Protein chains: 2
Amino acid sequence: MAEEGKKILIADDEPDILEIIKFNLQLHDHEVETAKDGDQAIEIAKKFKPDLIILDIMMPKKNGIEVCKILRSLPEFQDTIIVFLTALNDELSHVKGLEFGADDYLNKPISPKVMVSKVNSLFRRLNKQEQSRILDFGDLKIDPDQYVVYFKGQSISLAKKEFDLLHFLATKPGRVFLRNEILNEIWGSEVIVGDRTIDVHIRKIRQKLGIECIKTVKGVGYKFDL
Amino acid sequence: MAEEGKKILIADDEPDILEIIKFNLQLHDHEVETAKDGDQAIEIAKKFKPDLIILDIMMPKKNGIEVCKILRSLPEFQDTIIVFLTALNDELSHVKGLEFGADDYLNKPISPKVMVSKVNSLFRRLNKQEQSRILDFGDLKIDPDQYVVYFKGQSISLAKKEFDLLHFLATKPGRVFLRNEILNEIWGSEVIVGDRTIDVHIRKIRQKLGIECIKTVKGVGYKFDL
DNA sequence: CAAACCTTGTAAGAATTTCGTAAAATTAAC
DNA sequence: GTTAATTTTACGAAATTCTTACAAGGTTTG
């Protein structure tokens, strides 16, 4: 993996979680410091100058949002990646989090594997100066980095073609894509697939998501619309 | 980055959000003013003459849509970019937003980085004169990308032929199209359809829209006219 | 002026197209 | 070799599109 030797600060008040995350990130050659409350997080951040800061929302002294606000107001932390750890159903703090200058969020509980992959994709993004590629429609979130769709916090696993299709349509919500455009984008111009293939995939997406987010425009194509 | 030194006005009733957005846009060499309600937004806009105005939908005094309507009615704000901030799930105001002359909308919550990149891409779009293909006749808007017609904010779904026909006529408002021209454009020169076919489609369009926007010119053809 | 003529509007329904669905067949992944 | 993903096939349902037949105007002509 290209992304190594980065400095990462994790702030959480649960020592067990700190240990697990730290251990896993160190395995991937990252340099990790930990903080157990908000004040300590700020203090260490200033000395340690991490590339990435992972902040639990609920912490003693200062909570994650306050820490983020304070750090973001300092010029030296403008380009630091800040990520929030939020409890699953805590939609509110997640919302506030992004408003207050976070770059992304991670839902608790989080497996070490997902954590590591997230962290790496965040670094990749930073290097390329890219913004988050997550398409966020409220209840529905489409994350092309993880190839996962979230609906009301629940992750829904789509097959590759299904995901590609949904993601493609969702890049321009409301816009109708012709069957040809879809074929070209998802299958490529040289591959020839039958007429009903698109329909079948659309059907599976609708089935799995359980909501009408893809609308049919008869005689024209499909569009993503909530 | 090419787009710098623009004047931006942000209106939102949450001071924290104003601060963070302002800070981040200033970092990118934009000149930023803020307003905390609708009335103030209008007042400052008149003095400050911003290139871009970001309006929260939900604001005290006057909401974002009202502010937009008022500003758009003034000649000096015809070419100003106006963007709405909408809470997630608030599809209605999003639709209304575009109805009332906004150029784009941003979903809350929005991270500063996304915000900055959006703002820059908006300026880029303006410079390149990239524009949507929406035909705008006030109450009536025809959007060939969405394949949807809006009448007074209500979206009206037309079948493909109906939409194509309306859109074709509306591309040159007032101009009369001969039946032959219409047949050639919508059906193609090789397809042969009966005499009454056009009439029937015209009828359905009139029925669905509920207004007389297509006028008959007897012995000649049809024209789009409001 | 009225009859014949021409053009368009309207309603109903037939014909056609397009899409959704289930299930089977094929392909790829593990 | 088993499982999952993808594609094809076949068919029915639904929506669209088109035709037909006639009505309602208007215009021309005798």
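Chain naming here is simple, since letters A, B, ... match the order of the sequence lines and numbering starts at 1 in each. In this text the structure is predicted, and so the values were computed from the model without any measurement. Because only heavy atoms are used, hydrogens play no part in the values below, and waters and symmetry mates are left out as well, while side chains stay in.
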Undergrad: Want to settle it: does A/Leu158 or B/Ile198 sit nearer the 5' end of DNA chain D, counting the closest nucleotide to each?
TA: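 Its nearest nucleotide lies further toward 5', so the answer is A/Leu158.
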
Undergrad: What contact category does B/Tyr222 fall into here, base, sugar-phosphate, or nothing, at under 4.0 angstrom with non-hydrogen atoms?
TA: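 It contacts sugar-phosphate atoms only.
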
Undergrad: Output the rounded distance in Å from OH (A/Tyr147) to C1' (D/dA4).
TA: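 Going from A/Tyr147 (OH) to D/dA4 (C1'), I get 17 Å.
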
Undergrad: Starting at CD1 of B/Ile205 and ending at C1' of D/dC18, how long is that distance when rounded to a whole Å?
TA: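 Atom-to-atom, B/Ile205 to D/dC18, this comes out as 15 Å.
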
Undergrad: Rounded to the nearest Å, what distance is computed from the CG atom of residue B/Leu183 to the C1' atom of nucleotide D/dC18?
TA: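 That distance rounds to 13 Å.
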
Undergrad: For B/Asp199 and B/Arg179, run salt bridge (Lys or Arg N to Asp or Glu O under 4.0 Å): C-alpha distance rounded to whole Å, both residues' side-chain angles, the deciding distance at 0.1 Å, then the answer.
TA: CA-CA 10 Å; B/Asp199 307 359; B/Arg179 289 175 115 74; 2.2 Å; yes

Undergrad: Go through B/Ile82 and B/Arg72 one step at a time and tell me if the side chain to side chain contact (heavy atoms under 4.5 Å, CB included) criterion holds.
TA: CA-CA 9 Å; B/Ile82 298 180; B/Arg72 275 286 190 247; 3.7 Å; yes

Undergrad: Which of the following nucleotides, D/dT17, C/dG9, D/dT8, is nearest to the side chain of B/Arg206?
TA: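 Nucleotide nearest to B/Arg206's side chain: C/dG9.
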
Undergrad: Could you tell me how far apart A/Asp195 (CG) and C/dT16 (C1') are, to the nearest whole angstrom?
TA: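 Interatomic distance, CG of A/Asp195 to C1' of C/dT16: 15 Å.
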
Undergrad: What integer distance in Å separates B/Leu178:CG from C/dT7:P?
TA: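 Value for this atom pair: 14 Å.
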
Undergrad: With a 4.0 Å limit, can you tell me whether A/Arg203 has a side-chain N or O closer than that to the phosphate oxygens OP1/OP2 of C/dC19?
TA: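 For C/dC19, OP1/OP2 do not have a side-chain N/O of A/Arg203 under 4.0 Å.
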
Undergrad: Would a distance-only check, ignoring hydrogens and angles, find a side-chain to backbone donor-acceptor pair under 3.5 Å from A/Lys172 to A/Leu169?
TA: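 Between the backbone of A/Leu169 and the side chain of A/Lys172 there is no qualifying donor-acceptor contact (under 3.5 Å).
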
Undergrad: Is the B/Phe137 ring parallel, tilted or perpendicular to the B/Phe224 ring (thresholds 30°, 60°)?
TA: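 Rings of B/Phe137 and B/Phe224: tilted, as their planes differ by 30° to 60°.
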
Undergrad: Under the rule for salt bridge (Lys or Arg N to Asp or Glu O under 4.0 Å), what residues qualify as partners of A/Glu181, not counting sequence neighbours?
TA: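 For A/Glu181, the residues satisfying salt bridge (Lys or Arg N to Asp or Glu O under 4.0 Å) (neighbours in sequence not counted) are A/Arg175.
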
Undergrad: Considering only D/dC18, D/dT7, C/dG20, which nucleotide approaches the side chain of A/Arg196 most closely?
TA: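 Nearest listed nucleotide: C/dG20.
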
Undergrad: Show each protein N/O and nucleotides 28-30 of chain C N/O combination with a separation under 3.5 Å, one pair to a line.
TA:
none

Undergrad: In this structure, how many angstroms lie between the P atom of C/dA22 and the NZ atom of A/Lys204, rounded?
TA: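 In whole Å, C/dA22 P lies 11 Å from A/Lys204 NZ.
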
Undergrad: State whether A/Arg179 places a side-chain N or O below 4.0 Å from either non-bridging phosphate oxygen (OP1 or OP2) of C/dT18.
TA: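 No.
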
Undergrad: May I ask you to verify if any side-chain N or O of A/Thr197 is less than 4.0 angstrom from the OP1 or OP2 atom of D/dT6?
TA: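 No, A/Thr197 has no side-chain N/O under 4.0 Å of OP1/OP2 on D/dT6.
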
Undergrad: With a 4.0 Å cut-off on heavy atoms, is A/Ile192 in touch with a base, just the backbone sugar-phosphate, or nothing at all?
TA: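 If one applies the 4.0 Å heavy-atom cut-off, A/Ile192 turns out to touch the sugar-phosphate alone, with no base involved.
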
Undergrad: Using a strict 4.0 Å threshold on nitrogen-to-oxygen distance, state whether B/Asp145 and A/Lys223 make a salt bridge.
TA: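 A/Lys223 and B/Asp145: not salt-bridged.
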
Undergrad: Between B/Trp187 and D/dT17, does any side-chain N or O lie under 4.0 Å from OP1 or OP2?
TA: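 Checking B/Trp187 against D/dT17: no side-chain N or O falls below 4.0 Å of OP1 or OP2.
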
Undergrad: If you assign each of A/Val220 and B/Gly221 to its closest nucleotide in DNA chain C, which residue comes earlier from the 5' end?
TA: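 Residue closer to the 5' terminus by nearest nucleotide: B/Gly221.
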
Undergrad: Mind running side chain to side chain contact (heavy atoms under 4.5 Å, CB included) on A/Leu166 and A/Leu209 for me, showing each step along the way?
TA: CA-CA 11 Å; A/Leu166 176 64; A/Leu209 295 192; 4.0 Å; yes

Undergrad: When you measure from the side-chain N and O atoms of A/Lys218 to the phosphate of C/dG20, is any distance below 4.0 Å, counting only OP1 and OP2?
TA: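 So the side chain of A/Lys218 is outside the cut-off, no N or O lying under 4.0 Å from OP1 or OP2 of C/dG20.
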
Undergrad: Can you measure A/Gln207 atom CD to C/dC19 atom P for me and round it to whole angstrom units?
TA: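 In whole Å, C/dC19 P and A/Gln207 CD are 19 Å from each other.
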
Undergrad: Within 45° of the axis and under 6.0 Å from the centre of the six-membered ring of A/Phe48, does NZ or CZ of A/Lys7 qualify?
TA: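 Yes, A/Lys7 and A/Phe48 form such a contact.
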
Undergrad: Where each residue is assigned the nucleotide of DNA chain C containing its nearest heavy atom, which of B/Thr216 and A/Val217 is assigned the position nearer the 5′ end?
TA: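 Its nearest nucleotide lies further toward 5', so the answer is B/Thr216.
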
Undergrad: In terms of side-chain heavy atoms of A/His201, which of D/dT6, D/dT19, C/dG20 is nearest?
TA: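 When the side chain of A/His201 is considered, D/dT6 is the closest of D/dT6, D/dT19, C/dG20.
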
Undergrad: What is the separation between atom CG on B/Asp199 and atom P on D/dG25, rounded to the nearest whole Å?
TA: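 Going from CG in B/Asp199 over to P in D/dG25 covers 16 Å.
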
